[in-house]
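Worksheet for the structure shown next.
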Amino acid sequence: MSWTYRLKPELFDLNYTLDCGQVFRWGQEGDWWTGVVGDHVIRLSQDQDRLIVDSKLSPEFLTRYFRLDDNLPSIYESINRDLLIDRAIHKYRGLRLIRQDPWECLISYMLSTASSIPTIQKRIFLLSQFFGQELEPGYFSFPTSETLANADLAELDKCKLGFRTQNVKAAAQAAASGELDLDVLIRLEYKYARERLMRLRGVGEKVADCVLLFAFEKMEAFPVDTHIRQIIQHYHIDDSYFETCTNMSCMGDWGREYFGQYCGYAQEYLYYQKRMEGFLSLY
DNA sequence: CGCCAGGGCCCCA
DNA sequence: TGGGGCCATGGC
(Lines give C-alpha, C1' and ligand atoms only; values in the text may rest on other atoms or scores of the structure.)
Protein backbone atom coordinates (compact mmCIF):
# COMPACT_ATOMS: atom_id res chain seq x y z
CA MET A 1 0.00 0.00 0.00
CA SER A 2 3.01 2.28 -0.12
CA TRP A 3 3.48 4.41 -3.18
CA THR A 4 5.97 6.91 -4.53
CA TYR A 5 5.62 10.60 -5.16
CA ARG A 6 8.19 11.81 -7.68
CA LEU A 7 9.62 15.26 -7.14
CA LYS A 8 12.72 17.33 -7.73
CA PRO A 9 14.98 16.76 -4.69
CA GLU A 10 16.39 20.30 -4.86
CA LEU A 11 12.85 21.59 -4.42
CA PHE A 12 11.81 19.52 -1.40
CA ASP A 13 13.68 18.15 1.61
CA LEU A 14 11.50 16.06 3.92
CA ASN A 15 13.95 16.01 6.82
CA TYR A 16 14.49 19.77 6.95
CA THR A 17 10.78 20.43 6.49
CA LEU A 18 9.70 18.20 9.38
CA ASP A 19 12.69 18.89 11.65
CA CYS A 20 12.83 22.68 11.48
CA GLY A 21 10.46 23.24 14.40
CA GLN A 22 7.28 24.36 12.67
CA VAL A 23 5.34 21.16 13.45
CA PHE A 24 5.28 19.20 16.70
CA ARG A 25 3.55 15.93 15.88
CA TRP A 26 6.17 14.18 13.73
CA GLY A 27 8.77 11.69 14.91
CA GLN A 28 11.71 10.12 13.09
CA GLU A 29 12.78 6.48 13.33
CA GLY A 30 15.57 5.54 10.97
CA ASP A 31 14.64 6.72 7.49
CA TRP A 32 10.95 7.03 8.29
CA TRP A 33 8.91 9.91 9.63
CA THR A 34 5.57 9.21 11.31
CA GLY A 35 3.05 11.87 12.16
CA VAL A 36 -0.61 12.66 12.65
CA VAL A 37 -2.29 15.04 10.22
CA GLY A 38 -5.99 15.48 10.78
CA ASP A 39 -7.37 11.95 11.12
CA HIS A 40 -4.48 10.35 9.25
CA VAL A 41 -1.43 8.63 10.67
CA ILE A 42 1.14 9.21 7.95
CA ARG A 43 4.48 7.51 7.30
CA LEU A 44 6.95 9.09 4.90
CA SER A 45 10.50 8.60 3.73
CA GLN A 46 12.53 10.42 1.10
CA ASP A 47 15.22 8.97 -1.16
CA GLN A 48 16.48 11.62 -3.55
CA ASP A 49 13.65 12.31 -5.99
CA ARG A 50 11.32 9.73 -4.44
CA LEU A 51 8.99 10.54 -1.59
CA ILE A 52 7.81 7.16 -0.33
CA VAL A 53 4.34 7.32 1.17
CA ASP A 54 3.14 4.44 3.37
CA SER A 55 -0.37 5.78 3.83
CA LYS A 56 -3.61 6.09 1.89
CA LEU A 57 -3.17 9.68 0.75
CA SER A 58 -3.69 11.48 -2.52
CA PRO A 59 -0.88 13.37 -4.24
CA GLU A 60 -3.09 16.44 -3.90
CA PHE A 61 -3.10 16.04 -0.13
CA LEU A 62 0.70 16.03 -0.01
CA THR A 63 0.93 18.95 -2.45
CA ARG A 64 -1.31 20.99 -0.21
CA TYR A 65 0.21 19.97 3.13
CA PHE A 66 3.81 20.51 2.09
CA ARG A 67 3.05 23.64 0.02
CA LEU A 68 4.54 22.00 -3.06
CA ASP A 69 2.58 24.64 -4.97
CA ASP A 70 4.95 27.34 -3.69
CA ASN A 71 7.53 28.42 -6.27
CA LEU A 72 10.62 27.92 -4.11
CA PRO A 73 13.27 29.30 -6.52
CA SER A 74 11.22 32.44 -6.95
CA ILE A 75 10.83 32.79 -3.17
CA TYR A 76 14.58 32.28 -2.66
CA GLU A 77 15.28 35.02 -5.15
CA SER A 78 12.95 37.45 -3.43
CA ILE A 79 14.30 36.93 0.11
CA ASN A 80 18.01 36.60 -0.70
CA ARG A 81 19.16 39.90 0.75
CA ASP A 82 22.53 39.14 2.39
CA LEU A 83 25.19 36.51 3.08
CA LEU A 84 23.44 35.05 6.12
CA ILE A 85 20.15 34.23 4.41
CA ASP A 86 22.01 33.23 1.23
CA ARG A 87 23.91 30.60 3.18
CA ALA A 88 20.74 29.36 4.89
CA ILE A 89 18.77 28.89 1.68
CA HIS A 90 21.66 27.00 0.10
CA LYS A 91 22.44 24.80 3.09
CA TYR A 92 18.81 24.01 3.88
CA ARG A 93 17.54 24.00 0.30
CA GLY A 94 14.21 22.24 -0.02
CA LEU A 95 12.85 23.24 3.39
CA ARG A 96 9.23 24.19 2.89
CA LEU A 97 6.65 25.77 5.12
CA ILE A 98 3.77 23.42 5.95
CA ARG A 99 0.04 24.19 5.68
CA GLN A 100 -1.16 23.31 9.16
CA ASP A 101 -4.68 22.99 10.46
CA PRO A 102 -5.65 26.41 11.90
CA TRP A 103 -7.18 25.15 15.13
CA GLU A 104 -4.37 22.74 15.98
CA CYS A 105 -1.77 25.34 15.01
CA LEU A 106 -3.35 28.01 17.20
CA ILE A 107 -3.37 25.82 20.30
CA SER A 108 0.08 24.41 19.56
CA TYR A 109 1.65 27.86 19.49
CA MET A 110 -0.32 29.00 22.51
CA LEU A 111 1.44 26.09 24.23
CA SER A 112 4.85 27.08 22.84
CA THR A 113 5.36 30.20 24.94
CA ALA A 114 8.59 30.17 26.97
CA SER A 115 9.06 26.44 26.33
CA SER A 116 11.54 24.16 24.58
CA ILE A 117 10.42 22.16 21.56
CA PRO A 118 10.46 18.78 23.38
CA THR A 119 8.26 20.29 26.10
CA ILE A 120 5.82 21.62 23.49
CA GLN A 121 5.72 18.21 21.78
CA LYS A 122 4.99 16.53 25.09
CA ARG A 123 2.10 18.88 25.89
CA ILE A 124 0.51 18.34 22.49
CA PHE A 125 0.91 14.57 22.78
CA LEU A 126 -0.72 14.54 26.23
CA LEU A 127 -3.52 16.81 25.05
CA SER A 128 -4.20 14.46 22.14
CA GLN A 129 -3.90 11.35 24.29
CA PHE A 130 -6.36 12.60 26.90
CA PHE A 131 -8.82 14.44 24.67
CA GLY A 132 -8.34 13.15 21.10
CA GLN A 133 -9.44 9.95 19.35
CA GLU A 134 -7.05 7.02 19.10
CA LEU A 135 -6.38 6.49 15.38
CA GLU A 136 -4.04 3.57 15.88
CA PRO A 137 -2.16 2.36 18.95
CA GLY A 138 -0.16 5.29 20.32
CA TYR A 139 -1.41 7.84 17.78
CA PHE A 140 -4.22 10.26 18.57
CA SER A 141 -6.08 12.95 16.66
CA PHE A 142 -5.87 16.51 17.94
CA PRO A 143 -8.86 17.33 20.21
CA THR A 144 -11.65 19.48 18.83
CA SER A 145 -12.48 22.90 20.20
CA GLU A 146 -15.76 21.51 21.58
CA THR A 147 -13.92 18.84 23.55
CA LEU A 148 -11.44 21.30 25.04
CA ALA A 149 -14.16 23.87 25.72
CA ASN A 150 -15.94 21.31 27.90
CA ALA A 151 -12.84 19.88 29.57
CA ASP A 152 -12.48 20.71 33.22
CA LEU A 153 -9.34 22.46 34.35
CA ALA A 154 -8.18 19.61 36.58
CA GLU A 155 -8.16 17.29 33.56
CA LEU A 156 -6.40 19.87 31.40
CA ASP A 157 -3.77 20.30 34.09
CA LYS A 158 -2.76 16.68 33.59
CA CYS A 159 -1.36 17.76 30.23
CA LYS A 160 1.24 19.94 31.98
CA LEU A 161 0.19 23.13 30.26
CA GLY A 162 1.19 25.27 33.25
CA PHE A 163 -0.10 28.84 33.21
CA ARG A 164 -1.42 28.26 29.67
CA THR A 165 -4.27 26.00 30.80
CA GLN A 166 -6.89 28.72 31.27
CA ASN A 167 -5.95 30.42 27.99
CA VAL A 168 -6.35 27.18 26.06
CA LYS A 169 -9.77 26.55 27.53
CA ALA A 170 -10.86 30.13 26.83
CA ALA A 171 -9.69 29.90 23.20
CA ALA A 172 -11.53 26.59 22.85
CA GLN A 173 -14.72 28.14 24.20
CA ALA A 174 -14.38 31.05 21.79
CA ALA A 175 -13.88 28.71 18.83
CA ALA A 176 -16.61 26.28 19.86
CA SER A 177 -19.17 29.03 20.39
CA GLY A 178 -18.44 30.63 17.03
CA GLU A 179 -17.24 33.85 18.63
CA LEU A 180 -13.87 33.00 17.09
CA ASP A 181 -14.47 31.87 13.50
CA LEU A 182 -11.24 30.57 12.02
CA ASP A 183 -12.91 30.10 8.62
CA VAL A 184 -13.64 33.82 8.46
CA LEU A 185 -10.27 34.74 9.88
CA ILE A 186 -8.48 33.04 7.04
CA ARG A 187 -9.96 35.47 4.53
CA LEU A 188 -8.83 38.59 6.37
CA GLU A 189 -5.74 40.58 5.50
CA TYR A 190 -2.66 39.91 7.59
CA LYS A 191 -3.07 43.00 9.75
CA TYR A 192 -6.69 42.35 10.70
CA ALA A 193 -6.30 38.60 11.17
CA ARG A 194 -3.38 39.36 13.48
CA GLU A 195 -5.40 41.84 15.53
CA ARG A 196 -8.20 39.29 15.93
CA LEU A 197 -5.87 36.52 17.07
CA MET A 198 -4.16 38.84 19.55
CA ARG A 199 -7.46 39.49 21.28
CA LEU A 200 -7.15 35.94 22.64
CA ARG A 201 -5.42 35.76 26.00
CA GLY A 202 -2.08 34.08 25.58
CA VAL A 203 -1.67 35.19 21.96
CA GLY A 204 0.81 38.01 21.45
CA GLU A 205 2.64 39.17 18.35
CA LYS A 206 4.93 36.15 18.10
CA VAL A 207 2.29 33.46 18.55
CA ALA A 208 -0.09 35.29 16.20
CA ASP A 209 2.61 35.51 13.54
CA CYS A 210 3.41 31.80 13.82
CA VAL A 211 -0.25 30.87 13.41
CA LEU A 212 -0.72 33.29 10.52
CA LEU A 213 2.38 31.97 8.76
CA PHE A 214 1.86 28.25 9.33
CA ALA A 215 -1.92 28.00 9.01
CA PHE A 216 -3.36 31.17 7.46
CA GLU A 217 -1.36 31.66 4.28
CA LYS A 218 0.30 34.84 5.53
CA MET A 219 3.81 34.57 4.12
CA GLU A 220 4.37 38.17 5.23
CA ALA A 221 4.24 37.17 8.91
CA PHE A 222 7.67 37.37 10.58
CA PRO A 223 7.60 35.70 14.02
CA VAL A 224 10.22 37.19 16.35
CA ASP A 225 11.19 34.63 18.96
CA THR A 226 14.29 34.45 21.13
CA HIS A 227 16.42 33.00 18.29
CA ILE A 228 15.43 35.63 15.72
CA ARG A 229 16.02 38.38 18.26
CA GLN A 230 19.50 37.01 18.98
CA ILE A 231 20.25 36.77 15.24
CA ILE A 232 19.28 40.39 14.61
CA GLN A 233 21.27 41.60 17.60
CA HIS A 234 24.31 39.45 16.86
CA TYR A 235 24.78 40.20 13.18
CA HIS A 236 23.50 43.78 13.13
CA ILE A 237 22.05 42.75 9.77
CA ASP A 238 20.75 46.20 8.89
CA ASP A 239 22.76 48.89 10.68
CA SER A 240 20.55 51.80 9.65
CA TYR A 241 17.52 50.13 11.19
CA PHE A 242 19.28 48.46 14.06
CA GLU A 243 20.07 51.75 15.79
CA THR A 244 16.48 52.30 16.81
CA CYS A 245 15.28 48.71 16.68
CA THR A 246 15.56 46.98 20.02
CA ASN A 247 12.20 45.52 20.95
CA MET A 248 10.37 42.55 19.46
CA SER A 249 7.63 44.56 17.77
CA CYS A 250 10.16 46.66 15.89
CA MET A 251 12.08 43.57 14.81
CA GLY A 252 8.94 42.16 13.22
CA ASP A 253 8.41 45.35 11.27
CA TRP A 254 12.05 45.27 10.25
CA GLY A 255 11.79 41.66 8.99
CA ARG A 256 8.73 42.46 6.89
CA GLU A 257 10.40 45.45 5.26
CA TYR A 258 13.80 43.86 4.81
CA PHE A 259 12.79 40.49 3.34
CA GLY A 260 9.52 41.48 1.67
CA GLN A 261 6.35 39.54 1.01
CA TYR A 262 7.89 36.11 1.69
CA CYS A 263 9.70 37.15 4.87
CA GLY A 264 8.06 34.22 6.68
CA TYR A 265 10.17 31.84 4.61
CA ALA A 266 13.28 33.88 5.45
CA GLN A 267 12.43 33.71 9.11
CA GLU A 268 12.14 29.92 9.05
CA TYR A 269 15.48 29.43 7.29
CA LEU A 270 17.28 31.81 9.70
CA TYR A 271 15.62 30.19 12.68
CA TYR A 272 16.57 26.66 11.63
CA GLN A 273 20.11 27.63 10.70
CA LYS A 274 20.63 29.26 14.09
CA ARG A 275 19.17 26.31 15.97
CA MET A 276 21.32 23.81 14.06
CA GLU A 277 24.58 25.72 13.91
CA GLY A 278 24.47 28.66 16.31
CA PHE A 279 26.10 31.88 15.18
CA LEU A 280 28.31 31.71 12.10
CA SER A 281 31.37 33.63 10.99
CA LEU A 282 30.66 34.59 7.42
CA TYR A 283 33.74 36.63 6.57
C1' DC B 1 20.63 26.50 42.67
C1' DG B 2 20.31 29.35 38.31
C1' DC B 3 19.29 29.98 33.43
C1' DC B 4 16.87 29.24 29.21
C1' DA B 5 13.24 27.44 26.25
C1' DG B 6 9.71 29.32 19.05
C1' DG B 7 6.25 34.69 25.25
C1' DG B 8 2.48 37.24 27.13
C1' DC B 9 0.53 40.20 30.53
C1' DC B 10 0.45 43.51 34.07
C1' DC B 11 2.34 47.23 36.41
C1' DC B 12 4.73 51.39 36.95
C1' DA B 13 7.64 55.39 36.01
C1' DT C 1 5.61 53.60 25.70
C1' DG C 2 8.76 50.34 27.43
C1' DG C 3 11.15 47.67 30.60
C1' DG C 4 11.06 44.42 34.50
C1' DG C 5 8.72 40.81 37.23
C1' DC C 6 5.88 37.23 37.10
C1' DC C 7 3.62 33.32 35.30
C1' DA C 8 4.39 26.75 35.28
C1' DT C 9 7.28 23.38 33.37
C1' DG C 10 11.42 20.67 32.01
C1' DG C 11 16.29 20.18 30.70
C1' DC C 12 20.85 21.34 31.52
Side-chain angles (χ1 to χ4, degrees), chain A residues 16-26 88 92 95-98 100 102 104-127 129-130 151 153-172 174 180 194-216 218-219 221-234 242-256 259 263-279:
Chain A
Y16 293 154
T17 298
L18 292 179
D19 186 54
C20 71
Q22 56 180 327
V23 284
F24 304 107
R25 301 251 281 153
W26 287 89
Y92 300 104
L95 188 166
R96 282 177 186 267
L97 295 178
I98 285 175
Q100 301 187 37
E104 176 174 337
C105 188
L106 171 62
I107 298 303
S108 296
Y109 280 91
M110 287 181 71
L111 297 181
S112 77
T113 56
S115 307
S116 66
I117 289 177
T119 300
I120 302 164
Q121 291 171 329
K122 179 186 174 185
R123 288 186 189 130
I124 294 171
F125 174 79
L126 289 173
L127 206 56
Q129 186 183 44
F130 283 123
L153 293 177
E155 291 294 308
L156 272 178
D157 272 336
K158 292 180 181 173
C159 302
K160 304 296 181 186
L161 310 187
F163 59 82
R164 306 159 192 83
T165 299
Q166 306 249 18
N167 295 340
V168 166
K169 175 153 181 167
L180 172 67
R194 192 174 193 250
E195 285 176 357
R196 178 63 189 96
L197 286 174
M198 287 178 63
R199 281 167 46 201
L200 299 168
R201 290 187 74 82
V203 178
E205 296 185 346
K206 190 272 174 182
V207 169
D209 275 337
C210 282
V211 177
L212 292 167
L213 179 61
F214 299 139
F216 286 100
K218 308 304 186 210
M219 302 294 103
F222 191 81
V224 180
D225 75 321
T226 175
H227 293 289
I228 294 296
R229 178 179 53 76
Q230 289 175 39
I231 288 169
I232 293 173
Q233 291 177 337
H234 179 81
F242 181 77
E243 296 292 327
T244 57
C245 184
T246 55
N247 64 45
M248 300 288 213
S249 179
C250 173
M251 291 183 188
D253 294 336
W254 170 81
R256 274 180 283 285
F259 291 110
C263 65
Y265 260 98
Q267 189 273 0
E268 203 58 20
Y269 276 80
L270 293 176
Y271 170 80
Y272 191 43
Q273 177 172 253
K274 196 272 182 182
R275 259 191 57 218
M276 296 300 286
E277 305 178 73
F279 297 119

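Here is the naming used below: chain letters follow the sequence lines, and residue numbers restart at 1 for every chain. The analysis underlying the following values was restricted to heavy atoms, covering all of them including side chains, and did not include hydrogens, waters or symmetry mates.
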Quick note, A:K122 side chain, CB onward, closest among B:dG7, C:dT9, C:dG10 is C:dG10
Ignoring the backbone of A:T119, work out which of B:dG7, B:dA5, C:dG10 is nearest its side chain.
C:dG10
For the pair A:R256 and A:D253, find out whether any cationic side-chain nitrogen is under 4.0 Å from an anionic carboxylate oxygen.
yes
Just N and O in the side chain of A:Q230: are any of them under 4.0 Å from OP1 or OP2 of B:dA5?
yes
I need the minimum non-hydrogen distance between A:A215 and A:P102, along with the two atoms involved.
CB-CA, 3.7 Å
NA contact type, [X], heavy-atom cut-off 4.0 Å: base, sugar-phosphate, or nothing?
| X | answer |
| --- | --- |
| A:E268 | base |
| A:Q22 | base |
| A:G202 | sugar-phosphate |
| A:L200 | sugar-phosphate |

Decide yes or no for A:H234 and A:K274: does some side-chain heavy atom of the first lie under 4.5 Å from some side-chain heavy atom of the second?
no
Centres of the A:Y92 and A:Y16 rings: under 6.0 Å?
yes
Duplex segments of DNA chain C, taken as runs of at least three Watson-Crick or G-U pairs that stay under 3.5 Å:
B:2-5 with C:9-12, B:7-13 with C:1-7
Tell me: CG of A:L111 to P of B:dG8, nearest whole Å?
13 Å
How many Å lie between CZ on A:R201 and P on B:dG8, as a whole number?
13 Å
C1' atom, B:dA5 versus C:dG2: distance in rounded Å?
23 Å
